[in-house]
Amino acid sequence: MADPKGFMTTPRQDWPRRPVEERVRDWDEVYVPGALLPIISKQADRCMDCGIPFCHDACPLGNLIPEWNDLVSREDWRAASDRLHATNNFPEFTGRLCPAPCEAGCVLAINQPAVTIKNVECAIADRSWEEGFVPPRPPDRLSGRTVAVIGSGPTGLAAAQQLTRAGHTVAVYEKDDRLGGLMRYGIPAFKMEKHHLERRLEQMRAEGTKFRTSTVVGRDVGAAELRARYDAVVIATGATAWRELTVPGRELTGIHQAMEYLPLANRVCEGDLKASPMSAAGKHVVIVGGGDTGADCLGTAVRDGAASVTQLDIYAQPGVERDEDVEPWPTYPKVYRLSAAHEEARDLETAPAADADARLFAASTLRFTGDGDGHVRSLHLVEVDAARRPVTDSGRTLPADFVLLALGFSGPDREDGLIDQLGLELEPRGTITRDGDFATNVPGVFAAGDAARGQSLIVWAIAEGRSVAAAVDRYLTGSSRLPAPIGPYDRPMAV
């Protein structure tokens, strides 16, 4: 513990964001470049080096947070990098994209603002690349065993890297033309620029992992054929079957799924398109869904130049403080959070009728109405109570000529034929059934990540990838020294 009084003398200071008017004119990351390193050592000093660090349990990866906080405080970046990468393959991803349940579990957060754990993690990861602390780690010898990983999101990449480093020959199959899954085409560049992803992929290639893009398993290559070709198969396709909104008027044109909209904006940033064919420019946009995907749509629509943007959240507006009776420390509380996209919408006043920033809370969509050409023109909603029952005389109508549905995902998509060709058993909610060793009902086939767990956080996805790698390694060799931070039935801390 570098400064025993750091948590008492140093206030929390987050990585500053660029001015709203500046950042909405580009797709660069929202944070001020280079502004993190000057403050991060003092922020790491705020760590209390707790005897029982609950941040460990709040993080499914079991990150050694007090250890690397202490090392950053002493500016021992190489040792901090070693401790961080001991539990996390991709800290530059989680440091930008994870909502930081570790901070909710910080002991300091009982009565003060938590340690800026996420910012410290990101600083270590970025410094690691700058200083060359993360060279490729190819295996000393090959095992002679082969593994196919289907899906190149955080789960698939983590599993592939762990198995490659263990000496197995690994090929990753990705349906898109570029690697990364939702990190590539779902997450906007203003949240994570894609050069961070490219850098890790180059590291993995240098270690020996093979990649097969533009290959849909079940269509371009048969699932049974792939299983016969490899000693083991890991299914990490994610949960891509989006939820629908079955209300009158859904058939009108101008109503799209979030994951139809976001990939096109990312392709513009990649240089594939000069302009998105699904742009929100000049339109009155309504986003149905109050989660992170909805916020990503919000920030994207603002950058598109939408005339107005409103986001509907079916839940009531949460308070700014944790409700200790409902969600006691160290659980992750539902509190009012202001993401970068919501800050932009608030400052630019994109939704004058909203309750806060661009959001209308406790709002449920009743129907859509359109014009004579069959194009959506308005959204009719009603306020609901805590049980989602309509509140009398609370109906409202919003102008809407561009609607985005961001209602989450129910499980893996079955259209490619992968699940049916292998004969995989599914849970009632649509996810892949697996046992305590991540194994499916088909011998040699394992399932991990959102495809089996259901929609979750990136930090859980990486933990699943590391854990399924250990299970596959045991299946192939009889034992494994790979870490397995979670089991398939583990869940976040809750009351």
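Side chains included, hydrogens not; waters and symmetry mates left out as well; all remaining heavy atoms used.
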Selection residues 89-98 - residue pairs positive for salt bridge (charged side-chain N to carboxylate O under 4.0 Å, His left out), sequence neighbours left out: Glu29-Arg96, Glu92-Arg200, Arg96-Asp126
Full working for salt bridge (charged side-chain N to carboxylate O under 4.0 Å, His left out) between Arg337 and Asp357: CA-CA 11 Å; Arg337 294 179 174 89; Asp357 46 76; over 6 Å; no
Minimum side-chain heavy-atom gap Met493-Pro330 below 4.5 Å: yes
Glu415 atom CD, over 12 foreign heavy atoms within 6.0 Å: no
Ring centre gap for Phe211 and Tyr173 strictly below 6.0 Å: no
Stepwise side-chain contact (heavy atoms from CB on, under 4.5 Å) test for Val309 and Lys283: CA-CA 8 Å; Val309 192; Lys283 298 176 182 177; over 6 Å; no
Heavy-atom pair of closest approach, residues Gly180 and Leu197: CA-CD2, 3.8 Å
Arg434 side-chain N/O to Ala447 backbone N/O, donor-acceptor pair under 3.5 Å: yes
Results of side chain to side chain donor-acceptor pair (under 3.5 Å) for Thr237 - residues two or more places apart only: none
Side chains of Ser214 and Asp176, donor plus acceptor under 3.5 Å: no
Donor-acceptor pair, side chain of Asp385 and main chain of Ala387, under 3.5 angstrom: yes
Heavy-atom side-chain contact between Arg12 and Glu103 under 4.5 Å: yes
Polar side-chain atom of Ser456 near backbone of Gly454 as donor-acceptor pair, under 3.5 Å: no
All side chain to side chain donor-acceptor pair (under 3.5 Å) counterparts of Arg267, not counting sequence neighbours: Asp177, Tyr185, Asp272
Salt bridge present between Lys175 and Asp416 (N-O < 4.0 angstrom): no
Minimal non-hydrogen separation, Glu327 against Val495, with atom names: CA-CG2, 4.4 Å
Pairs satisfying salt bridge (charged side-chain N to carboxylate O under 4.0 Å, His left out), at least one member in residues 453-463, at least two apart: Arg453-Glu464
Tyr31-Trp15 aromatic ring centre distance below 6.0 Å: yes
Minimum-distance pair of heavy atoms, taken over all atoms of Gln455 and Gly408: OE1-CA, 3.3 Å
Between Glu174 and Ser152, a side-chain donor and acceptor under 3.5 Å: yes
Minimum side-chain heavy-atom gap Gln43-Asn69 below 4.5 Å: no
Ring centre gap for His256 and Phe402 strictly below 6.0 Å: yes
Whether Thr431 side chain and Gly411 backbone form a donor-acceptor pair below 3.5 Å: no
Contacts under 3.5 angstrom, residues 284-296 side chains, donor-acceptor by atom type, not counting sequence neighbours:
from: His284; atom 1: ND1; to: Ser308; atom 2: OG; distance (Å): 2.9
from: Asp296; atom 1: OD1; to: Lys191; atom 2: NZ; distance (Å): 3.0

Asp14 side chain to Thr116 side chain, donor-acceptor N/O pair below 3.5 angstrom: no
Name each donor-acceptor pair under 3.5 Å that joins a side chain in residues 313-321 to protein atoms two or more places apart or in another chain, with its distance.
from: Asp313; atom 1: OD1; to: Tyr315; atom 2: N; distance (Å): 2.9
from: Tyr315; atom 1: OH; to: Arg388; atom 2: NH2; distance (Å): 3.0

Any side-chain donor near an acceptor of the partner, His380 and Thr365, under 3.5 Å: no
Check against side-chain hydrogen bond (donor to acceptor under 3.5 Å, both in side chains), Thr87 and Asn63: CA-CA 6 Å; Thr87 58; Asn63 280 334; 2.5 Å; yes
Arg184 side chain near Glu270 side chain, heavy-atom distance below 4.5 Å: yes
